[in-house]
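Residue numbers start from 1 in every chain, and the chains themselves are labelled A, B, ... in the order their sequence lines are given, proteins ahead of strands.
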There are 2 protein chains.
Amino acid sequence: MDAMLLPANRSCPIARTLGVLGQKWNLLLLREAFLGRTKYAEFLRIGVPTATLGARLQDLVDAGLLTRHAYQEKGERARDEYLLTQAGRDAMPILAALIGWGETHLPPVTAYAMTTGDGRPVRLAFVDDTGTVVDADAVAIAKKPEGAATPG
Amino acid sequence: MDAMLLPANRSCPIARTLGVLGQKWNLLLLREAFLGRTKYAEFLRIGVPTATLGARLQDLVDAGLLTRHAYQEKGERARDEYLLTQAGRDAMPILAALIGWGETHLPPVTAYAMTTGDGRPVRLAFVDDTGTVVDADAVAIAKKPEGAATPG
DNA sequence: CATCTGACTTCAAATAATGAAGTTAGCGGT
DNA sequence: ACCGCTAACTTCATTATTTGAAGTCAGATG
């Protein structure tokens, strides 16, 4: 992730976010965190190599998505577990969007459900400032004028 | 993207989607497509190396997110342009989610705006089945029982 | 104090991305 | 028809990233 942050992409929040989350395994680690996993050994189970896991967990901590938190189980030595921060929790729409696309366009597997705390299913949608749902095909992404962006 | 599709991730729509969109540059190419770019030379301007661009464009076509469409400008030879398919357009929430996270957690740059056709700003939100907006922090991702998932 | 286990590091090998240098095809002019 | 020009790709050797195996380290157990 370097050429992706050339001048043309420097000011793009997509490119900048991918600089953090676009690394291989990061989004899958975040998925595990949302599923309640916190320990190194638990993250390992998804198939990430140890050499990679250490580095990615560190990246995620550095980027503020996870925090290390000491814990100790009875009869075990103290260890660190990895907990989602607010910034990490704020990444849920990214996972939700990936799930949504995958379930629509890469059938036939549907292994995840998104629900409220009381079990009602939810989906990701675009809403306008009145809270009204807007059809995704009616939404456009546009560059803002950004007059203040100086190359220095 | 191979170890990411181990048994533990095979049935995960996140991992499967990342198999297509997780490649370096793909999401940025999609961003350009949403901004209206269609030509090879236009995509090149974001800084992707030519050697990579050909491969990624092919991937995106193979995955059904873009289609090749012949066009010819006056006095120019016929060429192919790359147009978003419905599957490609359906990826907009992914970009929207990345933008949303980046604008919140990687200030101070804000270069994109999401709007409806008539210019009203929109944002991504979780809604329940009645169309009511639900706070993202109240949403949980859970594995479905997936009793019916057969390995064939 | 030797042994065991979980959590990491280190390192060489495999894989993927990159930049430079081709290659190909059609247009415009002659 | 031939030549040069340009856009759109390929190919290839270099460089960066990921990987698996093996090693390190700290504390609990015996």
Side-chain angles (χ1 to χ4, degrees), chain A residues 1-9 15 18-30 32-33 37-63 66-83, chain B residues 1-9 15 18-30 32-33 37-63 66-83:
Chain A
M1 299 293 157
D2 32 293
M4 270 176 49
L5 291 175
L6 289 171
N9 302 316
L18 289 175
V20 175
L21 294 175
Q23 303 290 98
K24 194 167 176 176
W25 296 106
N26 275 0
L27 259 354
L28 254 27
L29 292 174
L30 230 36
E32 291 303 302
R37 266 99 230 205
T38 61
K39 301 176 194 165
Y40 189 92
E42 292 175 328
F43 288 116
L44 255 193
R45 283 202 281 273
I46 67 173
V48 55
T50 60
T52 305
L53 182 56
R56 289 296 91 81
L57 247 18
Q58 184 61 53
D59 288 350
L60 256 10
V61 169
D62 289 347
L66 297 177
T67 16
R68 261 185 256 273
H69 172 253
Y71 76 102
Q72 183 155 21
E73 291 185 354
K74 228 179 110 97
E76 295 283 314
R77 112 176 99 118
R79 308 181 204 289
D80 281 342
E81 58 185 343
Y82 297 85
L83 303 176
Chain B
M1 299 294 158
D2 31 295
M4 270 176 49
L5 292 175
L6 288 172
N9 302 316
L18 288 174
V20 175
L21 293 175
Q23 303 289 97
K24 195 167 176 177
W25 294 108
N26 274 0
L27 260 353
L28 255 26
L29 292 174
L30 231 35
E32 292 303 301
R37 265 100 231 205
T38 61
K39 301 177 196 164
Y40 189 92
E42 292 175 328
F43 289 116
L44 256 192
R45 282 202 281 271
I46 68 174
V48 55
T50 60
T52 305
L53 182 55
R56 290 295 91 81
L57 246 19
Q58 185 62 53
D59 288 350
L60 256 11
V61 169
D62 288 347
L66 297 177
T67 16
R68 263 184 254 274
H69 172 253
Y71 77 102
Q72 183 156 22
E73 289 186 353
K74 229 181 108 97
E76 294 283 315
R77 117 175 97 119
R79 306 180 205 289
D80 281 342
E81 58 185 344
Y82 296 85
L83 303 177

Starting at atom [atom1] of [X], determine the distance to atom [atom2] of [N], rounded to an integer number of angstrom.
{"X": "Leu29(A)", "N": "dC8(C)", "atom1": "CG", "atom2": "P", "result": "13 Å"}
{"X": "Asp80(A)", "N": "dA26(D)", "atom1": "CG", "atom2": "C1'", "result": "13 Å"}
{"X": "Phe43(B)", "N": "dC9(D)", "atom1": "CZ", "atom2": "P", "result": "11 Å"}
{"X": "Gln58(B)", "N": "dT10(D)", "atom1": "CD", "atom2": "C1'", "result": "13 Å"}
{"X": "Glu42(A)", "N": "dA7(C)", "atom1": "CD", "atom2": "C1'", "result": "13 Å"}
{"X": "Leu53(B)", "N": "dA8(D)", "atom1": "CG", "atom2": "P", "result": "10 Å"}
{"X": "Leu44(A)", "N": "dG6(C)", "atom1": "CG", "atom2": "P", "result": "11 Å"}
{"X": "Arg79(A)", "N": "dG27(D)", "atom1": "CZ", "atom2": "C1'", "result": "9 Å"}

Between [N] and [X], is there an OP1 or OP2 to side-chain N/O distance shorter than 4.0 Å?
{"X": "Arg56(B)", "N": "dA17(C)", "answer": "yes"}
{"X": "Tyr82(A)", "N": "dC8(C)", "answer": "yes"}
{"X": "Lys24(A)", "N": "dA16(C)", "answer": "no"}

Salt bridge flag under 4.0 Å for residues Glu32(B) and Arg37(B):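 A salt bridge links Glu32(B) with Arg37(B).
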Listed once per pair and sorted, the side-chain hydrogen bond (donor to acceptor under 3.5 Å, both in side chains) pairs that draw on residues 43-53 of chain B, sequence neighbours left out: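 Every pair satisfying side-chain hydrogen bond (donor to acceptor under 3.5 Å, both in side chains) with a residue in residues 43-53 of chain B: there are none.
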Partner set under side-chain hydrogen bond (donor to acceptor under 3.5 Å, both in side chains) for Arg77(A), not counting sequence neighbours: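 Arg77(A): no side-chain hydrogen bond (donor to acceptor under 3.5 Å, both in side chains) contacts found.
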Is there a donor-acceptor pair under 3.5 Å between the side chain of [X] and the backbone N or O of [Y]?
{"X": "Gln58(A)", "Y": "Gly54(A)", "value": "no"}
{"X": "Asn9(A)", "Y": "Ala15(A)", "value": "no"}
{"X": "Asn26(A)", "Y": "Val20(A)", "value": "yes"}

Close side-chain approach of Met4(B) to Leu18(B), heavy-atom, < 4.5 Å: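 The answer is yes; the side chains approach within 4.5 Å.
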Per-nucleotide protein contact string for nucleotides 19-29 of chain C, where B marks a base within reach and S marks sugar-phosphate only (heavy atoms under 4.0 Å, - for neither): BBB---BSSS-
